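Count residues from 1 along the sequence. First listed ligand is number 1; within each ligand, the first listed atom is number 1. In this text the structure is predicted, and so the values were computed from the model without any measurement. Keep in mind that the numbers below use all heavy atoms, side chains included, and drop hydrogens, waters and symmetry copies.
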Amino acid sequence: MPKEKPVSFSGIQPSGNLTIGNYLGAIKYFPTYSENYKCFYCVVDQHALTVRQVSAELRRCTYETLALYIACGLDPEKNTLFVQSHVSAHSELAWILNCFTMFGELSRMTQFKEKSAKHADNINAGLFTYPTLMAADILLYQTDVVPVGEDQKQHVELCRDVAVRFNHIYPDTFTIPEPIISQSGARIKSLAEPTRKMDKSDPNPNAVIYLLDDRDTIVRKFKRAVTDSDTCVKFAPGKDGINNLMTIYSCFTGLDFAAIERDFAGRGYGDFKLAVGETVADALSPVQAEFRRLMADKAYLENMMKKGAGAAAACAARTLAKVKKKLGLVLI
Ligand code: ATP
Ligand code: LTN
């Protein structure tokens, strides 16, 4: 069936509270695709199982991630919002793609190497084949674009390689997707170790600004953010801490670095950190209010999950049937 519009697909794990990294690198841009793309946004709960989860927390985070998608501006009438485990085609296609993905390819994935180092006691097969489930998410919807933060570029490239390999053997099966990485905010750094990415599963909560942090917490965390011994607010190589704060401030205000440097000329880091904290708190306040409103209405969220799963499953079933037929699996 020809597409009415190109397709956009992205996913977020319900593996903890979302951060301003998730927001600036990904979610903030999602609503901008609604007009020109048919959009699918997925809470990838099965991906979250690759590290040990507390069941009640995973359940809570799944509702919260869905509510945050909407609170950040995604209109469920214009986008298909759904939960991965509600559409069984994802894990079915993932198995098939496992048989078209090489051990060497998966071994080279940076996220696998980092997560294996972090969870040395639980280097499970799911962590290793994480990218084939992600490829299934994307390819099931004949996706054209995948808006993600920079850390996911390698996974989308692997997905492309697998799709090209499959199409080479079984022509015209999958659309080949493109990653779209935002110009700014694609890699927000930790406030405690500004050479590392801000991660929602960081054990140090002071390193991370969560979308649901209250105003005082946000201001306090920015005040304590690691910078350097200089005092001048200037974007420069090696000043990772201040560069990160300038990037965050720029993303929330729309000011470029030169304008920020002018505004803070002659003022110290203290003033700048306070301004960043207050700006971020102001920007997140309406998102938090909308989030609270949505979380108070579980019936609405559950209804939306069902509607989203129905729409996604219908689309996914078409691709899965095509794949099975091409492979020679008997359809009944
Ligand atoms: P985890 O710590 O559980 O691996 P995560 O914080 O990396 O989670 P994901 O759910 O894996 O978050 O990612 C959701 C989206 O947010 C992805 O598109 C990812 O690229 C983006 N993202 C995550 N962290 C950052 C960051 N620090 N800067 C910019 N984008 C980010
Ligand atoms: N792997 C991604 C989350 C994710 C995703 C996807 C992103 C799972 N499936 C499909 C884009 C498209 C992550 O860890 N951030």
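Considering backbone and side-chain N/O of Ile188, one or more are found under 3.5 Å from N/O of ligand 1. Residue-to-ligand polar distances keep Pro147 apart from ligand 1: every N/O pair is separated by 3.5 Å or more. Any N or O atom pair closer than 3.5 Å counts here, and Ser15 shares at least one such pair with ligand 1. An N or O contact shorter than 3.5 Å links Gly149 to ligand 1 by distance.
For Tyr269, there are no ring-ring contact (aromatic ring centres under 6.0 Å, His included) partners two or more places apart in sequence or in a different chain. Residues satisfying the side-chain contact (heavy atoms from CB on, under 4.5 Å) test with Cys39, not counting sequence neighbours, are Ser8, Tyr33, Tyr37, Tyr41, Asn79. Residues satisfying the side-chain contact (heavy atoms from CB on, under 4.5 Å) test with Ala67, not counting sequence neighbours, are Phe291, Leu294, Met295, Leu301.
Both the sub-6.0 Å distance and the 45° axial angle are not jointly satisfied by Lys200 relative to the ring of Tyr210.
Taken to the nearest 0.5 Å, the OG1 atom of Thr173 stands 5.0 Å off from the CG atom of Asn167.
Note on Glu302 versus Lys298: no salt bridge recorded, every NZ/NE/NH1/NH2 to OD/OE distance being 4.0 Å or above. Of the charged side-chain nitrogens involved, at least one lies within less than 4.0 Å of a carboxylate oxygen, so that Glu193 and Arg196 count as a salt-bridged pair.
Classified by interplanar angle (parallel below 30°, tilted 30° to 60°, perpendicular above 60°), the ring pair Phe264/Phe272 is perpendicular. Note on ring orientation: taking the six-membered ring where Trp is involved, the planes of Tyr69 and Phe30 are tilted (angle from 30° to 60°).
Of all atoms in ligand 1, listed by their number and element, those nearer than 4.0 Å to a heavy atom of Arg187 are 28 (N), 29 (C). Ligand-side atoms of ligand 1 in range of Lys197: 5 (P), 7 (O), 23 (C), 24 (N), 25 (C), 27 (N), range being under 4.0 angstrom from any heavy atom. Distances below 4.0 Å separate heavy atoms of Met198 from the following atoms of ligand 1: 24 (N), 26 (C), 27 (N). Ligand-side atoms of ligand 1 in range of Ile12: 10 (O), 14 (C), range being under 4.0 angstrom from any heavy atom. Close approach of ligand 1 to Ala26 is summarised as follows: ligand atoms under 4.0 Å from at least one heavy atom of the residue are 15 (C), 16 (O), 18 (O).
At the shortest separation from atom 30 (N) of ligand 1 among protein heavy atoms lies Gly21 O, 3.1 Å. Protein heavy atom at the shortest distance from atom 11 (O) of ligand 1 is Gln13 NE2, 3.1 Å. Ranking the protein heavy atoms by distance from atom 10 (O) of ligand 1 puts Lys200 NZ, 2.7 Å first. The protein heavy-atom contact nearest to atom 22 (N) of ligand 1 is Asn22 ND2, 3.7 Å.
Residue contacts with ligand 1 for Ser201 involve both N, CA, C or O and side-chain atoms from C-beta outward (heavy atoms, distance under 4.0 Å). Contact annotation: for Lys115 versus ligand 1, heavy atoms closer than 4.0 Å belong to the side chain alone. Contact annotation: for Ala186 versus ligand 1, heavy atoms closer than 4.0 Å belong to the backbone alone.
Residue-ligand proximity: Leu24 is placed with every non-hydrogen atom at 4.0 Å or more from ligand 1. Residue contact annotation: Ser190 has no non-hydrogen atom under 4.0 Å from ligand 1.
Around atom NZ of Lys38, no more than 12 heavy atoms belonging to other residues, nucleotides or ligands sit under 6.0 Å away.
A donor-acceptor pair is defined here as one N or O able to donate and one able to accept, closer than 3.5 Å; such a pair exists between the side chain of Ser116 and the backbone of Phe112. In this structure a side-chain-to-backbone donor-acceptor pair under 3.5 Å is missing from Glu150 to Ala186. At distances below 3.5 Å, not a single donor-acceptor pair connects side-chain atoms of Thr80 with backbone N or O atoms of Gly308. Checked by atom type and distance alone, the side chain of Thr101 pairs as donor or acceptor with a backbone atom of Leu97 at under 3.5 Å. Asn243 places a side-chain N or O within donor-acceptor distance of the main-chain N or O of Ala236, the cut-off being under 3.5 Å.
Across Asp151, Val148, Val156, heavy-atom proximity to atom 20 (O) of ligand 1 is greatest for Asp151.
Contact residues of ligand 2 (protein heavy atom closer than 4.0 angstrom to a ligand atom; sorted by chain and number): Phe9, Ser10, Gly11, Gln13, Val44, His47, Gln111, Tyr130, Met134, Asp137, Ile138, Val146, Val148, Gln152.
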